Chemist: 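Please see the structure below; I have some questions.
A quick note: this is a predicted structure, and the numbers were derived from the prediction, not measured.
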Amino acid sequence: MLEAYRNSSIDWKPSPVVALATSVDDSQVAAAREDGSLEIWLVSPGSVGWHCQLTIHGNPNSRVSSLVWCRAGSKGLACGRLFSSSIDGSVSEWDLFLLKQKTILDSIGVSIWQMAVAPYNHDTIPKPQQTGNGYLSNVLNEDSDNETSESEYDSDSDSFELQDQSVVENRQIAMACDDGCVRIYNIIESDELLYTKSLPRVSGRVLSVTWSPDANRLFSGSSDGLIRCWNPVSGREIYRITVGLGGLGSGPELCVWSLLSLRSETLVSADSTGSVQFWDSKHGTLLQAHTYHKGDVNALAAAPGHNRVFSAGADGQVILYKLSNETIQSTDEESSILMKKWIYVGYVRAHSHDVRALTVAVPISQEDPLPDQDVKRVRRREKPIDFSYHKWAHLGVPMLISAGDDTKLYAYSAKEFTRFAPHDICPAPQRLPIQLVQNTAFNQSSLLLVQASCWLDIMCVRTKNGALPDMASGPSGGLVGTDLLARIKSKASRKIICSAISNSGTLFAYSDHMKPSLFELKKSKVGKSAWTVDKSQLPQKLPYAHSLIFSFDSSRLMIAGHDRRIYVVDVATSEIVHVFTPCNELHDEVLPPGEPPITKMFTSSDGQWLAAINCFGDVYIFNLETMRQHWFISRLDGASITAGGFPPRNNNVLIVTTSSNQVYALDVEERKLGDWSRRHTHVLPRKFQEFPGEVIGLSFPPSSSSSSVIVYSARALCWIDFGMPVDQEDENSMMNGQDAVVKTIEGTPVSGSLKRKLKDYQNKLLGRKNFDFISFRDPVLFIGHLSKSAILMIDKPWMEVVKTFEAPPIHKHIFGT
């Protein structure tokens with residue numbers, strides 16, 4: 001029986017999302033946060049969870065104001081090139097291969113509020129190949145927003161045809177600037193933008209900008225309540241629209257926050273009065289005005305078919321408007337006129353704070369159901385809203401993504417927006433990296449290394465007498481405490497990229513954007529503090545790192561540098577023992593680095609093997625005895641690696657999990673798929689393939705006789721024993737019985753009787769039933785083994801995290817008060 005200890009005292013403060021953008025091939029969504037970091041999320045259908053493929057730590061002093069993608073040309077990645085503008089007036093490009101932010105336009109002296117890239121003609125430009133994990137894969141159609149009504153679909157399909165003149169030879173980017181100008185630049189292959197022209201300055205600040213679908217017109221919205229239509233070639237103003245005429249108000253303080261130009265010659269505007277208005281973009285006349293928002297409308301997005309428009313703003317609502325055809329009989333003649341009208345459909349409020357950004361993406365990862373498998377269904381009463389993400393998220397079906405001040409990202413069905421509840425893409429945003437080491441040199445105690453944004457905390461775990469099997473009981477009853485031994489702040493408050501602690505607990509290291517640093521923790525015999533931290537020497541001119549790890553015996557530190565090499569450093573002598581250059585083919589000669597940077601590393605307990613993994617999912621195995629690369633494993637199933645490790649029982653086996661929630665056992669020594677994987681990987685129980693959330697970690701019992709592992713996400717854990725059979729029929733029957741219990745756990749206040757039920761349920765789950773899993777009530781940051789029979793779970797009630805946000809939550813009036 002496993003004893004489960006909980007702790008919720010870790011400080012966790014994720015940063016708000018300020019911008020979203022979908023890649024050219026619809027495979028990835030970029031999310032920029034207020035702290036300067038950028039996340040790339042792989043759009044995922046069905047039961048497979050979304051995967052945060054990579055995080056780039058950008059400049060924390062430069063706040064991103066908007067994100068745009070453009071095509072990368074023949075030699076670039078299929079997803080395209082990603083650019084961001086900032087409030088300080090600079091423009092950066094995010095290198096998704098080398099994982100770094102490059103400034104391509106120095107500050108122009110005024111803030112840039114928004115950017116827009118001139119569109120392309122889809123018919124004349126060939127689509128590049130793409131992949132399931134954003135590196136290579138098959139192309140899917142973009143305009144798959146099919147309607148239930150054929151006549152409606154036909155009217156949409158007419159607007160897909162673009163004129164030949166819409167092909168833009170030079171990729172142009174327009175910028176809405178604080179000084180009242182719209183500046184136009186050309187995007188060239190080199191690391192800079194080429195200035196083209198500035199449109200005439202207007203009164204107020206230009207806050208929004210968008211191109212017409214044929215790129216022949218440019219629209220700008222400003223803080224004086226006006227929308228202007230421009231000829232981007234001549235720089236002449238064609239017409240202007242007074243936004244306040246159709247909305248809730250007017251005046252000098254009316255801000256047009258967002259603009260959207262549709263193929264049906266419709267322009268959509270969102271402003272600070274809460275109005276969303278639809279205009280005839282040819283003549284600038286008002287078609288419809290909607291005022292359902294209770295605050296500023298910050299963002300607009302359209303489905304690929306351009307027949308649905310979404311708006312979101314400061315009231316936390318996401319609202320859908322749909323294009324409908326109305327036939328109006330003419331009074332003079334017997335003819336009828338077909339009028340297009342934008343109607344309000346409904347709203348969804350998933351966010352607790354302001355919504356800052358919207359984008360639409362199309363899932364491209366293939367969802368592989370098990371062959372010839374009948375899943376037993378449980379009869380339930382029909383509900384008005386279905387909470388199952390995999391019922392609407394399918395391959396090629398567009399989905400809407402929203403994000404904002406509550407730091408979360410939500411996905412919605414673009415076609416059945418009001419029918420299905422939104423899906424929480426990241427239940428634990430900006431999860432803190434945590435490492436646990438047992439039986440350290442300090443009285444065999446367990447230590448935690450917690451990596452915050454600008455400091456490291458070393459904590460000692462204090463377990464009280466008694467077990468806590470009731471893991472789903474909420475914040476009450478935490479039977480484990482932590483003592484802060486030391487806090488190490490980075491120099492000049494630079495952002496920490498990665499960190500590591502040795503198994504002895506005496507050494508730990510971190511890397512910022514300048515260089516890696518090594519420290520030694522000591523127990524002091526004199527002085528006020530019981531613990532001291534001394535900085536140790538590392539070799540000069542080491543590059544900053546994307547990943548760090550100590551060898552099992554704590555004698556060596558492996559540094560995965562940003563220069564795409566792996567440095568093996570002897571801690572005692574402070575010398576570089578060897579430098580590995582990862583290759584996708586085994587060579588005797590040393591070649592210059594050509595592979596993506598390493599973002600994860602694992603070592604075996606016998607000190608022989610080092611596994612290094614890049615952000616695209618390739619695995620490199622190095623032999624630390626012969627100091628040579630031993631094996632290269634290309635992306636497993638076209639997916640990224642989410643977690644991994646060498647079990648203590650067999651140092652020659654590497655266990656990894658992928659973003660498609662598959663588990664692989666790799667025989668490192670023999671360079672082949674392990675026996676367990678050959679038998680079971682493609683026949684895993686269906687409920688594990690529908691495991692809640694993305695797998696974020698593994699934990700092995702510290703015992704050479706155990707063949708089990710705990711696989712966990714922020715929402716659930718799963719216990720797998722590689723020595724036990726995988727009984728699918730038994731698993732499916734178990735799954736249906738557990739569904740109701742798990743839903744009861746998640747939605748019911750904890751009472752005495754429920755606690756007893758939970759305890760019995762917990763005993764049953766952790767009673768050695770292979771592939772059993774349990775859902776968590778609060779988001780989990782880390783799970784690790786304290787001993788063979790005890791695990792430590794670090795979680796945090798989400799409402800406690802919300803209280804740390806600087807922005808206040810949206811006030812919801814409770815009726816009757």
Side-chain angles (χ1 to χ4, degrees), residues 4 6-17 20 29 31-35 37-42 44 48-55 57 350-353 389 401-411 422-436 448-453 457 471-472 474-475 478 482 496 498-499 599-600 640-643 657 659 661 691-699 710-718 742 745-746 773-784 791-805:
R6 293 176 65 250
N7 180 275
S8 303
S9 63
I10 301 295
D11 291 330
W12 173 34
K13 188 179 178 182
S15 180
V17 179
L20 293 174
V29 170
R33 295 191 181 267
E34 202 173 63
D35 63 356
S37 62
L38 179 99
E39 298 168 355
I40 299 294
W41 290 85
L42 295 186
S44 174
V48 182
W50 281 58
H51 171 56
C52 185
Q53 186 186 31
L54 55 93
T55 300
H57 299 284
H351 292 274
S352 60
H353 291 63
Y389 171 66
I401 298 97
S402 67
D405 284 350
D406 64 357
T407 74
K408 293 226 176 189
L409 284 86
Y410 285 96
H423 173 65
D424 187 354
I425 293 173
C426 55
Q430 289 193 310
R431 181 177 56 89
L432 295 172
I434 299 173
Q435 296 171 60
L436 172 69
L448 279 174
L449 174 70
V450 181
Q451 176 189 316
S453 58
D457 283 343
M471 289 164 63
T482 54
I496 295 175
C498 57
S499 57
T599 53
K600 292 183 179 70
S640 299
I641 303 293
T642 55
T657 59
S659 55
N661 277 5
F691 188 65
E694 176 196 6
V695 173
I696 56 176
L698 307 180
S699 181
I710 286 179
V711 177
Y712 67 94
S713 70
R715 291 175 168 154
L717 71 77
C718 179
V742 171
I745 289 172
E746 291 177 337
F773 72 83
I774 180 169
S775 297
F776 304 132
R777 184 178 173 184
D778 300 318
V780 166
L781 303 174
F782 175 80
I783 291 177
I791 61 170
L792 169 66
M793 184 178 74
I794 297 176
D795 64 2
K796 193 83 171 177
W798 182 248
M799 290 313 297
E800 287 188 20
V801 180
V802 170
K803 290 175 183 175
T804 66
F805 296 160

Chemist: With sequence neighbours excluded, tell me which residues meet salt bridge (charged side-chain N to carboxylate O under 4.0 Å, His left out) with K600.
Modeler: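 With neighbours one apart ignored, the set is empty.
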
Chemist: Residues in salt bridge (charged side-chain N to carboxylate O under 4.0 Å, His left out) with D405, at least two apart?
Modeler: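 So D405 forms a salt bridge (charged side-chain N to carboxylate O under 4.0 Å, His left out) with R356.
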
Chemist: For E39, what residues pass the side-chain hydrogen bond (donor to acceptor under 3.5 Å, both in side chains) criterion, not counting sequence neighbours?
Modeler: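 Listed in chain order: R33, W41.
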
Chemist: Answer whether the closest heavy-atom distance between the side chains of V780 and M793 falls below 4.5 Å.
Modeler: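 Yes. Closest side-chain heavy atoms under 4.5 Å.
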
Chemist: Decide side-chain contact (heavy atoms from CB on, under 4.5 Å) for D795 and R6; before the verdict, give the C-alpha distance in whole Å, the side-chain angles of both, and the deciding distance to 0.1 Å.
Modeler: CA-CA 7 Å; D795 64 2; R6 293 176 65 250; 2.8 Å; yes

Chemist: Working note: L432 + I794, criterion side-chain contact (heavy atoms from CB on, under 4.5 Å); need CA distance, chi angles, decisive distance, verdict.
Modeler: CA-CA 10 Å; L432 295 172; I794 297 176; over 6 Å; no

Chemist: OG1 of T642 to CD1 of I696: how many Å apart, nearest 0.5 Å?
Modeler: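 The OG1 atom of T642 sits 9.5 Å away from the CD1 atom of I696.
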
Chemist: By side-chain contact (heavy atoms from CB on, under 4.5 Å), which residues pair with A32, not counting sequence neighbours?
Modeler: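 Per chain and number, A32 pairs via side-chain contact (heavy atoms from CB on, under 4.5 Å) with V18, A19, L38, V64, L67.
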
Chemist: Sequence neighbours left out, what passes side-chain contact (heavy atoms from CB on, under 4.5 Å) with A452? Give chain and number order.
Modeler: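 Applying side-chain contact (heavy atoms from CB on, under 4.5 Å) to A452 gives W455.
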
Chemist: Verify, without hydrogens or angle tests, whether D457 (side chain) and V450 (backbone) share a donor-acceptor contact under 3.5 angstrom.
Modeler: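 Flag not set: sc D457 to bb V450 has no pair under 3.5 Å.
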
Chemist: If we only count heavy atoms from C-beta on, is the L409 to L20 side-chain gap below 4.5 Å?
Modeler: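 L409 vs L20: side chains touch.
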
Chemist: Tell me every residue that passes side-chain contact (heavy atoms from CB on, under 4.5 Å) with S402, counting only those two or more places apart in sequence or in another chain.
Modeler: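 Testing S402 for side-chain contact (heavy atoms from CB on, under 4.5 Å), a comparison that skips the adjacent residues, returns V318, H351, V355, L358, Y410, Y412.
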
Chemist: Okay, side chain of K408, backbone of D424: is any donor-acceptor separation there less than 3.5 Å?
Modeler: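 Judged by distance alone, no pair lies under 3.5 Å.
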
Chemist: What pairs with P14 under side-chain contact (heavy atoms from CB on, under 4.5 Å), at least two apart in sequence or on another chain?
Modeler: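 side-chain contact (heavy atoms from CB on, under 4.5 Å) check on P14 returns W12, T407, P429, Q430, W798, V801, F805.
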
Chemist: Kindly write out the residues that satisfy side-chain hydrogen bond (donor to acceptor under 3.5 Å, both in side chains) with T55, not counting sequence neighbours, or none if the list is empty.
Modeler: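 Counting only residues at least two positions away or on another chain, T55 forms no side-chain hydrogen bond (donor to acceptor under 3.5 Å, both in side chains).
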
Chemist: Please identify each residue that fulfils side-chain hydrogen bond (donor to acceptor under 3.5 Å, both in side chains) with S713, with sequence neighbours left out.
Modeler: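 Result, side-chain hydrogen bond (donor to acceptor under 3.5 Å, both in side chains) vs S713: none returned.
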
